[in-house]
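Position 1 is the first residue of the sequence; numbering continues from there.
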Amino acid sequence: KRAWPASGPHLLDENTFTQNFRNDHNPSKTYLCYQVELSQDLPPPPPPPPRIDCQCRNPSVPLLCQGGGGQHAEWFLLEHIRSRNLDQKLSYKVTCFLSWTPCEKCAKEIIRFLAKNRHVSLSILASRIYTMGPYVKGLRELYDAGVHISIMTFRDFEYCWQTFVDHQDSPFQPWADLDRRSQQLSQQLRAILQVSHTGSQGNNYFSERKPTCPVFSDNSPHTLSHSRVK
């Protein structure tokens, strides 16, 4: 496996990471950190999901941020992947660490993207669950489309700290309520995803999940952020 080369690292400062990824806080912004791997050993992609009708006024217009007047972080991610013109003969794995799970509209954008790019798979690890609008519907549709979704654990926060933060060699310091809150949110997400319709194409990513994606020496991780009304 290897990762995309990038022009340079885009690292978060320590305070920005802690303030936005703490799972016992409710910040108004969403931060998205991601890595892309090129892998020859990914399993074949699942069949295309059913057609999702766009609720936007014009399906060709990129999804706009409801709170800050700009695009959501997930939209920037999809645009960046599109701009790479990935070789469809190869398989790519995108791993996203989000401070909030995607909203329902972003979920639809992601599903459309994956339906048109069968050579790309996506895993989402979120600090907390975004609960505005029809969020349950969006998460279920993502799961049914084959997206791996889970709540970040201590190991995931530590990995993000080591990979996406300009930590100046200081170790990750967990907050007191990290584990309890992570377990609580995992139970909530499990309840949401387990009520998906029979025959779902989604995979159970909770049981015996392997550690998050390894560090790549030639990879410069990316961070994206946007404001979102809470």
| request: Report the C-alpha separation of Glu14 and Trp161 in whole Å, then their side-chain angles, then the decisive distance to 0.1 Å, and conclude whether the side chain to side chain contact (heavy atoms under 4.5 Å, CB included) test is met. | output: CA-CA 8 Å; Glu14 296 181 12; Trp161 177 269; 3.5 Å; yes

| request: Output all residues satisfying salt bridge (Lys or Arg N to Asp or Glu O under 4.0 Å) with Asp177, sequence neighbours left out; order by chain, then residue number. | output: Arg180

| How about Lys93 and Val36: do any of their side-chain heavy atoms sit closer than 4.5 Å? | no

| query | Any side-chain heavy atom of Tyr135 sitting closer than 4.5 Å to one from Ile192? | reply | yes

| remark: Rounding to 0.5 Å, atoms CD (Gln19) and OG (Ser99) come to a distance of 12.0 Å

| remark: Tested for side-chain contact (heavy atoms from CB on, under 4.5 Å) against Leu78, the lone hit among Glu109, Arg112, His72 is Glu109

| query | Should the ring pair Phe172 and Phe17 be called parallel, tilted or perpendicular, given that the plane angle runs from 0 to 90° and is split at 30 and 60? | reply | perpendicular

| request: Kindly say whether His119 contributes a backbone atom to a donor-acceptor pair with the side chain of Asn117 at under 3.5 angstrom? | output: no

| field | Over all atoms of both residues, closest heavy-atom pair of Ile124 and Pro102 | value | CD1-CG, 3.9 Å

| task | Work out which heavy atom in His167 is nearest to a heavy atom in Gln162; give both atom names and the distance. | result | NE2-O, 3.6 Å

| request: Could you please spell out the steps behind the side-chain hydrogen bond (donor to acceptor under 3.5 Å, both in side chains) verdict for Arg181 and Gln184? | output: CA-CA 5 Å; Arg181 184 62 176 152; Gln184 182 183 60; 2.2 Å; yes

| request: Nearest 0.5 Å please: distance from the CD1 atom of Ile151 over to the CD atom of Gln183. | output: 12.0 Å

| remark: Sorted by chain and residue number, the side-chain hydrogen bond (donor to acceptor under 3.5 Å, both in side chains) partners of Glu158 (sequence neighbours excluded) come out as none

| note | SG of Cys33 to CG of Leu77, rounded to nearest 0.5 Å, is 11.0 Å

| said: Less than 4.5 Å apart, side chain to side chain, heavy atoms only: is that true for Val94 and Ser121? | reply: no

| task | Check Leu32 against Cys96 and note the closest heavy-atom contact, atom names and distance. | result | CD2-SG, 4.2 Å

| message | Going by ring pair (Phe, Tyr, Trp, His ring centres under 6.0 Å), Trp175 matches just one of Phe21, Phe157, Phe154. Which one? | response | Phe157

| With a 4.5 Å limit on heavy-atom distance, are the side chains of Leu98 and Tyr130 in contact? | no

| query | Between Ile149 and Leu142, what is the shortest heavy-atom contact and its length? | reply | CD1-CB, 3.8 Å

| note | The salt bridge (Lys or Arg N to Asp or Glu O under 4.0 Å) partners of Asp24 (sequence neighbours excluded) come to Arg22

| remark: Taken in chain and number order and not counting sequence neighbours, the residues that satisfy side chain to side chain contact (heavy atoms under 4.5 Å, CB included) with Asn85 are none

| Sub-3.5 Å donor-acceptor pair from the side chain of Ser182 to the main-chain atoms of Met152, do we have one? | yes

| request: Answer yes or no: is there a side-chain heavy-atom contact under 4.5 Å between Val165 and Leu11? | output: no

| message | Quick check: do Thr95 and Tyr34 have side-chain heavy atoms less than 4.5 Å from each other? | response | no

| said: Is there a side-chain contact between Glu74 and Lys105 in this structure, where contact means two heavy atoms from C-beta onward sitting under 4.5 Å apart? | reply: no

| task | Go through the structure and list residues passing side chain to side chain contact (heavy atoms under 4.5 Å, CB included) with Asp13, not counting sequence neighbours. | result | Asn15, Thr16

| In terms of the angle between their ring planes, are Tyr159 and Phe164 parallel, tilted or perpendicular, with boundaries placed at 30° and 60°? | perpendicular

| field | Sub-4.5 Å side-chain heavy-atom contact between Lys29 and Tyr31 | value | yes

| note | Sorted by chain and number, sequence neighbours left out, side chain to side chain contact (heavy atoms under 4.5 Å, CB included) with Ser83 holds for His80

| query | Hey, what do you get for CG (Leu185) to OG (Ser127), rounding to the nearest 0.5 Å? | reply | 7.5 Å

| said: Tell me if a side-chain donor or acceptor on Asn23 pairs with a main-chain N or O of Arg128 at a distance below 3.5 Å. | reply: no

| request: Calculate, to the nearest 0.5 Å, the distance between atoms NE2 and CG belonging to His148 and Leu122 respectively. | output: 9.5 Å

| said: Measuring from atom CG of Leu189 to atom CD of Gln187, what distance do you get when rounded to the nearest 0.5 angstrom? | reply: 11.0 Å

